[in-house]
Amino acid sequence: MENFVFQNETRIVFGKGTERQTGSEARKIGRRVLLHYGQGSIKRTGLYDRVVSSLKDSGIEFIELSGVVPNPRLSLVKEGIELCRKHGIEAILAVGGGSVIDSAKAIAAGVHYEGDVWDFYEGKATPSSALPVGVVLTIPAAGSESSVGSVITKEEGLLKRALNTPVIRPKFAILNPELTYTLPPYQTACGIADMMAHIMERYFTNTRNVELTDRLCEATLRTIINNSAKVFNDPEDYNARAELMWASTIAHNGLLNTGRVGDWASHQIEHELSGIYDIAHGAGLAIVFPAWMNYVMQHDVERFAQFASRVWGKEINPFDMEDTARQGIESLKNFFSSIGLPVRLSEAGIPDDRIDEMAEKATLDGPLGNFVKLGKKEIKDILLMAK
Ligand code: NZQ
Ligand code: ZN
């Protein structure tokens with residue numbers, strides 16, 4: 001096991017009706033707040049009204065910035081930064097999913113920075129401070145509600161890049177599983193693929209002697225798989241929604257990678273896909289992850305066989321571990337298909353004529369991944385396997 005420091009200060013307020021505590025939670029981080037949200041789902045569901053009345057009850061002044069799109073854009077972030085400066089905003093409240101939260105984090109990091117906020121996403125600068133961010137989560141998926149990450153797309157060049165720094169980790173996150181009843185099945189499925197991917201990125205590691213985190217990863221994956229069927233049968237199954245919501249946070253709050261080095265190549269390859277084709281991140285991962293697995297499996301067949309056995313219940317064949325390993329990958333792929341996700345580029349309507357460009361962009365800063373290092377040629381091969 002590797003040395004590690006684990007600290008996660010996001011205060012999680014979990015359960016039914018908890019959005020009514022938004023005002024009292026927000027008051028701890030600021031009196032003048034930017035209320036940031038997406039394209040209107042929160043108005044259609046009535047959440048907006050409840051959040052606003054909670055803010056008013058707590059005496060919080062706020063201004064609004066809506067319009068965050070999936071794969072959030074840099075231009076809106078810049079608009080948000082200007083608004084915060086102009087109105088002396090002290091904190092940002094993100095009401096929505098990963099896209100809204102990531103946009104809020106980018107604004108928070110940019111307010112005190114004199115340069116271009118995109119510098120943070122290009123690795124040219126690191127934010128030393130940020131406005132505090134609070135969250136009311138509406139979709140379990142990205143784990144941004146308690147993560148150090150923010151992923152933004154720059155329209156010019158369609159570059160989708162991540163910033164990872166503890167200063168943007170949300171101070172609180174309100175997680176009410178009832179808020180996820182209104183999710184369209186496709187969004188639920190994309191969220192499931194994303195949280196599973198966050199676990200699998202950590203699971204496929206070269207670090208030895210990490211039994212506890214191996215088993216935490218496996219338990220979280222199995223919980224997600226078990227409860228997925230339930231939410232597709234009954235979108236208002238509170239307990240199943242609750243399991244998924246907590247799993248999405250656990251998948252990406254740093255606990256599951258304590259003492260081990262994760263891979264993350266699949267995520268970076270996916271960011272090229274959603275950067276150019278604007279598909280949902282979870283759908284892109286359902287395409288990339290199985291192809292990546294088939295490509296790197298030989299590197300550690302035993303680990304893939306363990307994944308097949310402990311997560312998918314496959315019997316280990318000691319005489320043909322590769323066969324067991326492949327069964328695990330097939331199970332994952334079939335699972336993604338069964339919940340309505342594409343597992344091939346063609347199924348998502350993505351042609352193969354920009355594979356070279358994606359492989360090039362993905363490796364601009366060097367090879368990807370830690371489990372297996374991947375250069376441009378290998379990434380191209382993986383994308384071709386996913387055609
Ligand atoms: O914009 P609105 O109208 O709110 O609609 C959203 C959006 O269209 C809708 N939605 C959300 N909650 C809903 C709902 N519709 C009905 N009822 C509800 N309760 O769902 C759509 C998708 O929302 P989005 O926020 O884009 O989804 P998600 O949470 O999957 O976020 C995806 C983004 O997160 C990034 C991804 O790259 C992608 O840009 N990621 C962020 C990470 C992080 N910050 O740590 C890590 C991840 O790996 C990921 O890269
Ligand atoms: Zn992700």
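Just follow the structure's listing: the first ligand is 1, and inside any ligand the first atom is 1. Everything numeric here is computed off the predicted structure, so don't read it as measured data.
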Quiz item: Any nitrogen or oxygen of P70, main chain or side chain, under 3.5 Å from a nitrogen or oxygen of ligand 1?
Solution: no
Quiz prompt | Among T182, N164, V148, I139, closest by any non-hydrogen atom to atom 16 (C) of ligand 1 | solution = T182
Quiz item: Is there a nitrogen or oxygen of G149 sitting under 3.5 Å from a nitrogen or oxygen of ligand 1?
Solution: yes
Quiz item: Nearest to the Zn ion (ligand 2), which N, O or S atom of H198 do we find?
Solution: NE2
Quiz prompt | Of the listed options D102, V68, L137, closest to atom 41 (C) of ligand 1 (non-hydrogen atoms) | solution = D102
Quiz item: With a 4.0 Å cut-off, would you call K43 and D49 a salt bridge?
Solution: no
Quiz item: Heavy-atom contacts under 4.0 Å between A141 and ligand 1: side chain, backbone, both, or neither?
Solution: side chain
Quiz item: Are R161 and E272 close enough for a salt bridge, meaning some N to O gap below 4.0 Å?
Solution: yes
Quiz item: Can you tell me the angle formed at the Zn ion (ligand 2) by OD1 of D194 and NE2 of H281, to 10°?
Solution: 90°
Practice problem: Please determine which of Q21, R241, R20, E19 meets the side-chain hydrogen bond (donor to acceptor under 3.5 Å, both in side chains) test together with N176. | Solution: E19
Exercise. Give yes if a backbone or side-chain nitrogen or oxygen of T45 is under 3.5 Å from a nitrogen or oxygen of ligand 1, and no if not.
Key: no
Exercise. Out of G282, A106, S99, indicate the one that has the non-hydrogen atom closest to atom 32 (C) of ligand 1.
Key: S99
Exercise. Quickly, which of R202, R260, R208 forms a salt bridge (charged side-chain N to carboxylate O under 4.0 Å, His left out) with D214? Name it, please.
Key: R260
Quiz item: Out of P184, P72, S41, G96, whose heavy atom sits nearest atom 10 (N) of ligand 1?
Solution: S41
Practice problem: Would you check the N or O atoms of V100, main chain and side chain alike, for any that come under 3.5 Å of an N or O of ligand 1? | Solution: no
Self-check item: For ligand 1, the portion of T153 having any non-hydrogen atom under 4.0 Å away
Solution: neither
Exercise. Compute the minimum heavy-atom distance from E270 to ligand 1 and say whether it is under 4.0 Å.
Key: no
